[in-house]
Amino acid sequence: MTVTHEDRWRKRRLALRILVPLAAAATAAMGSISVGGSAYAASPTRVMNYAPTDDAYTSSRRPHAHTGNQSRLVSGSQGGNHLVSYLKFRVSALPGTVRSATVTLVRDHYRLPSTVRLSLVSGNWSEGGLSGSRAPRLGRVVATVHPTRNTTVVTFNVGSVVHGPGVYAFAITSSGRSLARFRSAENRYRPNLRLTVDIPPTTGVSGPQVPGNSPGPSPSDSPSPSDSPSPSDSPSPSDSPSPSDSPSPTPSPTGPSTCGLSDTLVPACDVLWGTAAGAFTSTPTDQAVRTWEQTSGRPASIFHTYHRGDELFPTNAEIAMARDATSPRLLMLNWKVAYGTSWAKVAAGQEDARIDREAAYLKSHFTEKFFMVIHHEPENDVNPTAGSGMTATDYAAMFRHTVLRLRADGVTNAVFVVAYMSYETWFNSSWWTALYPGDDVVDWIGVDAYLNGNPTGFHHGPFGDLMDRTSAPGTFPGIYSWATTYHAGKPFMLAEWAIYEYAADVSQKAKVFTTVLPDMGRYPELKAMVYFDSPHTQNNTDTRMDSSAQSLTEFKKIAADPRFDVAVK
């Protein structure tokens with residue numbers, strides 16, 4: 001980061017001064033905070049998620065009706081009408097053996113009945129042909145759940161019947177005073193078959209990916225604070241290795257990967273590698289990045305810089321970095337468009353001149369594809385008071401207006417990123433989901449996430465904690481799980497990530513670095529990682545990759561991994 005966004009760091013510094021003592025006190029009183037992964041162990045498993053290939057429901061009162069295109073599934077009996085819902089999943093080749101399997105359903109806008117059952121049925125049907133008169137017979141009951149009045153998500157354990165590749169079909173029935181209404185595959189909160197697969201030692205967690213599958217949460221049956229979830233509701237999902245546990249470094253390839261980039265800069269395979277180097281120093285960022293690349297042993301695919309207000313970007317130095325003949329880079333340009341005003345005023349069009357000026361500059365100076373992050377870490381600036389102009393809803397409106405205005409101005413090369421702040425209190429806030437601007441204006445979902453090298457410190461843990469950190473699984477499943485479940489198809493990035501040095505024992509930071517490569521295999525939708533490298537951040541901690549010899553050794557192993565061999569030009 002640069003001095004152009006000191007306002008952000010002043011807020012974070014103040015937040016940390018308050019939060020770290022509170023976290024320490026909470027840890028002393030209650031034990032460690034729950035996080036997405038266990039303390040450090042790199043689990044030799046992969047999570048595979050499947051949406052239904054077919055789903056529909058039947059009605060005894062309408063025996064010839066077809067409901068495969070409906071946005072909900074309905075089960076139960078009411079007024080003499082008996083309804084049954086059906087799901088079918090197709091499991092492709094797996095990279096190992098199935099350890100566990102669950103089917104998860106999200107409730108629609110009504111309370112669930114007291115009992116919901118999942119039964120086996122034949123898979124010889126399609127949603128287009130399914131009707132009350134042409135439905136498979138119900139087989140044995142596989143699992144039963146008993147929702148409470150506030151339950152929004154139900155999860156069935158189907159491990160007794162799902163053991164490997166194949167077609168799996170189920171029927172949903174219910175009993176009670178109300179019908180069971182769930183969201184179907186036509187809804188973004190679609191049913192989900194989640195498999196946890198043990199990876200054989202010969203394959204490893206960094207082995208080949210199975211196409212067509214992306215990990216997601218395993219929602220638990222925890223009640224939601226809201227009785228009627230809106231589309232923005234997030235249903236709930238469901239030790240420290242030494243440096244010697246780290247995989248040996250992989251030599252850098254002799255040539256670039258054949259993985260191409262999509263129109264929204266998503267690599268067809270592998271992961272984009274980047275940095276925001278030289279933060280909080282007087283070193284020019286382009287120079288800092290070149291030094292960082294030389295020290296780490298790998299060129300950066302992404303060069304991350306920060307801008308605000310009326311600043312025009314990219315600068316000449318940034319353009320030169322993007323157009324470097326020997327090492328071209330994708331620019332990630334972070335813009336606080338509402339600097340000096342409010343999100344609501346931007347959304348109302350009061351800063352259109354600012355947006356139009358930037359659009360004109362882009363069209364005349366830089367036509368290559370680039371990432372535009374619009375006001376990263378908005379949580380820090382939210383004022384939930386109605387009329388403040390800085391509510392979560394105001395942020396979403398500001399983001400939308402900025403994107404739509406730029407597009408209307410003819411900007412076609414910006415790839416838009418929403419970048420959240422990984423902090424549990426924000427995730428658990430009632431307003432958090434209202435920040436999301438909408439799938440039509442968001443190309444990538446990102447998070448700024450940091451780990452602490454201090455074994456007793458706040459946010460100490462393995463790489464997986466950056467992806468699915470949570471203190472309340474019943475409220476929020478973790479940012480990666482949330483993004484890949486409720487915004488499936490959106491690529492995910494670590495827009496900033498780093499490890500804080502622990503001066504009392506510098507080996508601890510190196511140990512955290514050893515968890516990166518093993519954990520990465522659990523997150524196939526992770527398509528970019530941008531390291532935030534600074535000798536002294538807002539709380540005077542050192543995030544540099546080479547803050548110690550041990551850290552640099554482990555970081556260079558990460559940088560050498562062939563999963564970062566993405567050609568950007």
Side-chain angles (χ1 to χ4, degrees), residues 35-37 42-43 45-49 95 194 197 199 204-217 237 247 257 259 261-262 264-276 298 300-302 304 330 332 371 373 376 415 417-422 442-451 461-470 477-499 512-532 555 557-566 568:
V35 292
S43 174
T45 62
R46 183 174 301 152
V47 175
M48 318 293 291
N49 283 271
R194 173 187 171 112
V197 179
I199 308 300
V205 297
S206 60
Q209 300 293 326
V210 177
N213 301 296
S214 62
S257 165
C259 292
L261 298 177
S262 72
T264 53
L265 300 180
V266 182
C269 54
D270 298 333
V271 180
L272 291 166
W273 174 258
T275 186
R298 176 180 290 278
S301 300
I302 296 175
H304 191 182
L330 297 171
M332 181 183 290
F371 294 106
V373 184
H376 71 312
V415 174
V417 182
V418 58
Y420 296 102
M421 180 180 181
S422 184
V442 172
D443 296 310
W444 286 64
I445 296 175
V447 69
D448 295 352
Y450 294 79
L451 293 172
F463 178 80
D465 289 5
L466 297 176
M467 307 295 289
D468 270 333
R469 175 180 292 156
T470 179
I479 184 67
Y480 178 86
S481 294
W482 172 83
T484 55
T485 300
Y486 305 118
H487 302 286
K490 295 295 181 186
F492 188 87
M493 71 162 64
L494 285 171
E496 291 179 10
W497 75 282
I499 317 299
V512 178
F513 279 139
T514 67
T515 68
V516 173
L517 295 179
D519 276 6
M520 278 180 59
R522 294 160 45 196
Y523 305 102
E525 297 308 310
L526 175 63
K527 299 298 183 180
M529 294 170 55
V530 182
Y531 195 81
F532 188 83
F555 191 86
K557 293 178 184 178
I558 302 169
D561 192 275
R563 279 173 286 186
F564 299 112
D565 298 336
V566 180
V568 300

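Please read all numbers here as calculations on a predicted model, not as lab measurements.
- Residues Phe492 and Ile479 have side chains in contact (heavy-atom distance under 4.5 Å, counting atoms from C-beta outward).
- Scanning both residues, Thr275 and Ala300, for their nearest heavy atoms gives CG2-CB, 4.3 Å.
- Partners of Tyr531 by ring-ring contact (aromatic ring centres under 6.0 Å, His included), not counting sequence neighbours, listed by chain and number: Trp497, Phe555.
- In this structure, Asp565 and Arg298 have side chains that are in contact, with non-hydrogen atoms separated by less than 4.5 Å.
- The minimum heavy-atom distance linking Asp519 with Pro462 is given by the pair OD2-CB, 3.8 Å.
- Checked against side chain to side chain donor-acceptor pair (under 3.5 Å), Ser422 has the following partners two or more places apart in sequence or in another chain: Arg469.
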Evaluation steps, side-chain contact (heavy atoms from CB on, under 4.5 Å), between Trp273 and Ile558
CA-CA 10 Å; Trp273 174 258; Ile558 302 169; 3.9 Å; yes

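- For Val530, the side chain to side chain contact (heavy atoms under 4.5 Å, CB included) partners at least two apart in sequence or on another chain are Ile302, His304, Met332.
- Applying the ring-ring contact (aromatic ring centres under 6.0 Å, His included) test to Trp444 and every residue at least two apart in sequence or in another chain returns Phe371.
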Please report the C-alpha distance between Leu261 and Val566 in whole Å, then the side-chain angles of each, then the deciding distance to 0.1 Å, and finally whether the side-chain contact (heavy atoms from CB on, under 4.5 Å) criterion is met.
CA-CA 9 Å; Leu261 298 177; Val566 180; 4.0 Å; yes

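- From Leu466, atom CG reaches atom CG of Leu526 across 10.0 Å, with rounding to the nearest 0.5 Å.
- Once rounded to the nearest 0.5 Å, the distance linking CG of Asp443 with CG of Leu265 reads 8.5 Å.
- Thr515 places a side-chain N or O within 3.5 Å of a backbone atom of Phe463 that can act as its donor or acceptor partner.
- Lys527 NZ to Leu494 CG: the interatomic distance, rounded to the nearest 0.5 Å, is 13.5 Å.
- Tyr523 OH to Thr484 OG1: the interatomic distance, rounded to the nearest 0.5 Å, is 10.0 Å.
- In this structure, CD in Glu525 is found 10.0 Å from CE in Met467, a value given to the nearest 0.5 Å.
- With hydrogens and angles ignored, the 3.5 Å screen pairs no side-chain donor or acceptor of Arg563 with any backbone N or O of Met520.
- The shortest non-hydrogen separation linking Asp270 to Pro562 is OD2-O, 3.9 Å.
- Remark: Met493 CE to Asp448 CG distance equals 10.0 Å, nearest 0.5 Å.
- Across every non-hydrogen atom of Ala495 and Ala419, the tightest pair is CB-CB, 4.2 Å.
- In this structure, Asp465 contributes its side chain and Leu451 its backbone to no donor-acceptor pair below 3.5 Å.
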